[in-house]
Amino acid sequence: MLTGKQKRFLRSKANQLQPLFQIGKNGLTTAIIVQVEEALEARELIKVSILQNCDEDKHEIAEKFTEQEGIELVQVIGNSIVLYKESVEKKRIELP
């Protein structure tokens, strides 16, 4: 679990990130979850954008991501979700 201080640190890092994935009409699929996990292993911190035509609630989508092992929800802001997962091989972010 991330502490408040760590979440603040990650939010500041995520501020300049562009969304890597967009979730639209089909909602959250298994393929997207697999791709997000691979991206998190490579980058540790990513932003996912929820499009307006998505039928699922952004908070439900964020919860589904956190059900995956090791994925932490940093923030849900507007139509974006910020996710963090500590990388096993390519550790880039040093948490406070």
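Sequential numbering from 1 along the given sequence is applied to the chain's residues.
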Check your understanding: Heavy-atom count around Arg43 CZ within 6.0 Å, excluding the residue itself: above 12?
Key -> no
Check your understanding: When you measure from the side chain of Glu41 to the backbone N and O of Glu89, does any donor-acceptor pair fall under 3.5 Å?
Key -> yes
Practice item. Please check if Leu2 and Val82 belong to a single hydrophobic cluster, counting links between Ile, Leu, Val, Met, Phe, Trp and Tyr side chain heavy atoms closer than 4.5 Å. Key: yes
Practice item. Using a cut-off of 6.0 Å, state whether more than 12 heavy atoms not belonging to Gln16 lie near its atom CD. Key: yes
Exercise for review: Could you tell me which non-hydrogen atom of Gly27 sits nearest to which non-hydrogen atom of Cys54, and how far apart they are?
Suggested key: CA-SG, 4.2 Å
Check your understanding: Is it true that a side-chain atom of Glu37 and a backbone atom of Val34 form a donor plus acceptor pair closer than 3.5 Å?
Key -> no
Exercise for review: Hey, could you give me the CG/NZ distance between Leu51 and Lys58, rounded to the nearest 0.5 Å?
Suggested key: 13.0 Å
Point to revise | Met1 and Glu72, any side-chain heavy atoms less than 4.5 Å apart | key: yes
Check your understanding: Going through the distances and angles, do Phe65 and Leu73 end up as a side-chain contact (heavy atoms from CB on, under 4.5 Å)?
Key -> CA-CA 8 Å; Phe65 276 126; Leu73 175 66; over 6 Å; no
Revision key, fill the gap. To the nearest 0.5 Å, atom CD of Glu44 lies from atom CD of Glu94 at 9.0 Å
Point to revise | Side-chain (Lys91) to main-chain (Ile93) donor-acceptor, under 3.5 angstrom | key: yes
Exercise for review: Please say whether more than 12 non-hydrogen atoms of neighbouring residues, nucleotides or ligands are located less than 6.0 Å from CG in Leu17.
Suggested key: yes
Review point. Are side-chain heavy atoms of Leu95 and Tyr84 found at a separation under 4.5 Å?
Key: yes
Check your understanding: Are Phe21 and Leu45 connected, step by step, through hydrophobic side chains (Ile, Leu, Val, Met, Phe, Trp, Tyr) whose heavy atoms are closer than 4.5 Å?
Key -> no
Study note, to complete from the structure: One should read off an interatomic distance between Asn15 CG and Leu10 CG, to the nearest 0.5 angstrom, of 12.5 Å
Review point. Has Glu69 got more than 12 heavy atoms of other residues, nucleotides or ligands less than 6.0 Å from its CD?
Key: no
Exercise for review: Assess whether atom NZ of Lys90 is packed by more than 12 heavy atoms of other residues, nucleotides or ligands within 6.0 Å.
Suggested key: no
Check your understanding: Any salt bridge between Glu56 and Lys64, counting N to O under 4.0 Å?
Key -> yes
Practice item. Indicate yes or no: at least one non-hydrogen side-chain atom of Leu40 is less than 4.5 angstrom from one of Ile46. Key: yes
Review point. Between Val76 and Ala62, what is the shortest heavy-atom contact and its length?
Key: CG2-CB, 3.9 Å
Review point. If you round to the nearest 0.5 Å, how far is CD1 of Ile23 from CG of Asp55?
Key: 12.5 Å
Check your understanding: With hydrophobic residues grouped by side-chain heavy-atom distances under 4.5 Å, do Ile61 and Val74 end up in a single group?
Key -> no
Practice item. Decide side-chain contact (heavy atoms from CB on, under 4.5 Å) for Ile33 and Val36; before the verdict, give the C-alpha distance in whole Å, the side-chain angles of both, and the deciding distance to 0.1 Å. Key: CA-CA 5 Å; Ile33 292 174; Val36 165; 5.7 Å; no
Check your understanding: Any sub-3.5 Å donor-acceptor pair from Gln75's side-chain atoms to Arg11's backbone N or O?
Key -> no
Exercise for review: Drop me the distance from Lys47's NZ to Ser80's OG, to the nearest 0.5 angstrom.
Suggested key: 5.5 Å
